Amino acid sequence: GRAAGVGPETETRTILYTLDSARVLDRRERIAAHERVQPKGGLDADAAWAAVEKAQAAVRDAVISVDGLALGEITHPHRSFGTLDLYQWIVFTATHEMRHILQIREIGAALKTAAPS
C-alpha cells in the first residue's frame, strides 16, 4: 500500500459488517479452495498446529504493518465473494478461520456418534 501511494486512513466506521460473514460461516455452502492453498497432507497434528500458528502470526504481523493506511483503497478479487478491499479480506480471514473451527466441531461430533459405545 505504501509503495502504491495509499494515503492515511480517514474512515472511522467499523469493518466488522463490511463482509457477509454469515455467508462465509454457512457450512451448507461448500466452497472449494483453490488448488494452491489446499492442504497437501503429510503433517502430523503437532506440525499442522505449528503451521496454523505460524500463518496466524504472519497475518497478524501483516495487519499491524499496515496500521494507519487507507486499506479500503486496496482491493483484490476473491473467487466466491468478488472483489474485496483489504478490510474485507481481514474480516474474511478471521471468519474463514471460524468456518474451519465449525468444520472441526462437526467432524468431532460425527466421530463421537460413530464411535462404538
Side-chain angles (χ1 to χ4, degrees):
R2 286 184 185 88
V6 173
E9 184 57 79
T10 58
E11 182 60 62
T12 59
R13 291 179 287 164
T14 181
I15 67 170
L16 293 179
Y17 308 107
T18 61
L19 180 76
D20 184 0
S21 294
R23 181 173 169 219
V24 178
L25 293 173
D26 185 355
R27 299 265 311 120
R28 296 172 298 176
E29 181 182 354
R30 296 184 62 89
I31 301 173
H34 191 280
E35 185 178 322
R36 72 173 185 259
V37 295
Q38 288 182 5
K40 305 297 183 248
L43 295 179
D44 64 22
D46 290 335
W49 191 251
V52 167
E53 289 177 333
K54 182 178 178 181
Q56 288 173 334
V59 169
R60 184 177 50 254
D61 292 347
V63 171
I64 290 169
S65 76
V66 294
D67 184 37
L69 291 181
L71 304 182
E73 296 178 18
I74 303 168
T75 62
H76 187 75
H78 183 281
R79 287 175 39 158
S80 298
F81 294 91
T83 299
L84 303 178
D85 67 35
L86 195 48
Y87 287 124
Q88 291 171 312
W89 274 104
I90 292 167
V91 172
F92 174 81
T93 301
T95 310
H96 180 252
E97 189 158 317
M98 177 55 74
R99 181 182 174 97
H100 283 294
I101 290 168
L102 296 172
Q103 183 180 30
I104 290 166
R105 287 181 179 169
E106 288 172 13
I107 292 167
L111 291 173
K112 184 177 179 179
T113 58
S117 300

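All values below were derived from every heavy atom in this structure, side-chain atoms included, with hydrogens, water molecules and symmetry-related copies excluded. Starting from 1, each residue takes its place in the sequence as its number. Bear in mind that the values here come from a model prediction, so they are computed numbers and not experimental data.
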Item to complete: Check ring-ring contact (aromatic ring centres under 6.0 Å, His included) between H100 and all other residues, then give those that pass, not counting sequence neighbours.
Response: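 ring-ring contact (aromatic ring centres under 6.0 Å, His included) check on H100 returns H96.
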
Please table the atom pairs, donor to acceptor, closer than 3.5 Å between any side-chain atom in residues 36-53 and protein atoms at least two apart or in another chain.
| from | atom 1 | to | atom 2 | distance (Å) |
| --- | --- | --- | --- | --- |
| Q38 | NE2 | A33 | O | 2.7 |
| K40 | NZ | E35 | O | 3.0 |
| K40 | NZ | Q38 | O | 3.0 |
| D44 | OD1 | D46 | N | 3.2 |
| D44 | OD1 | A47 | N | 2.7 |
| W49 | NE1 | E53 | OE2 | 2.9 |

Item to complete: If a pair satisfies salt bridge (Lys or Arg N to Asp or Glu O under 4.0 Å) and one of its residues is in residues 9-23, list it, with sequence neighbours excluded.
Response: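 Qualifying pairs, neighbours excluded: E11-R13, R23-E29.
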
Worksheet entry | Pairs flagged by salt bridge (Lys or Arg N to Asp or Glu O under 4.0 Å) wherever residues 98-116 is involved - sequence neighbours left out |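 Listed by first then second residue: R27-E106.
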
Using a 3.5 Å cut-off and no angle test, enumerate the donor-acceptor pairs between side-chain atoms of residues 68-83 and protein atoms at least two apart in sequence or in another chain.
| from | atom 1 | to | atom 2 | distance (Å) |
| --- | --- | --- | --- | --- |
| H78 | ND1 | S80 | N | 2.9 |
| H78 | ND1 | F81 | N | 3.1 |

Worksheet item: Using a side-chain heavy atom cutoff under 4.5 Å and only I, L, V, M, F, W and Y, what cluster partners does I101 have?
Response: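 Other cluster members: L25, M98, L102.
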
Discussion item. So does T18 get a backbone contact from the side chain of Q88, meaning a donor-acceptor N/O pair under 3.5 Å?
Written reply: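 Side chain of Q88 to backbone of T18, a donor-acceptor pair under 3.5 Å: yes, one is there.
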
Practice prompt. Check whether any side-chain N or O of S21 sits under 3.5 Å from a backbone N or O of Y17 as a donor-acceptor pair, and report yes or no.
Written response: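 Not a single qualifying donor-acceptor pair exists.
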
If you measure from [atom1] on [X] to [atom2] on [Y], what distance do you get to the nearest 0.5 Å?
| X | Y | atom1 | atom2 | value |
| --- | --- | --- | --- | --- |
| S65 | R60 | OG | CZ | 12.5 Å |
| I90 | L84 | CD1 | CG | 11.5 Å |
| T14 | Y87 | OG1 | OH | 10.5 Å |

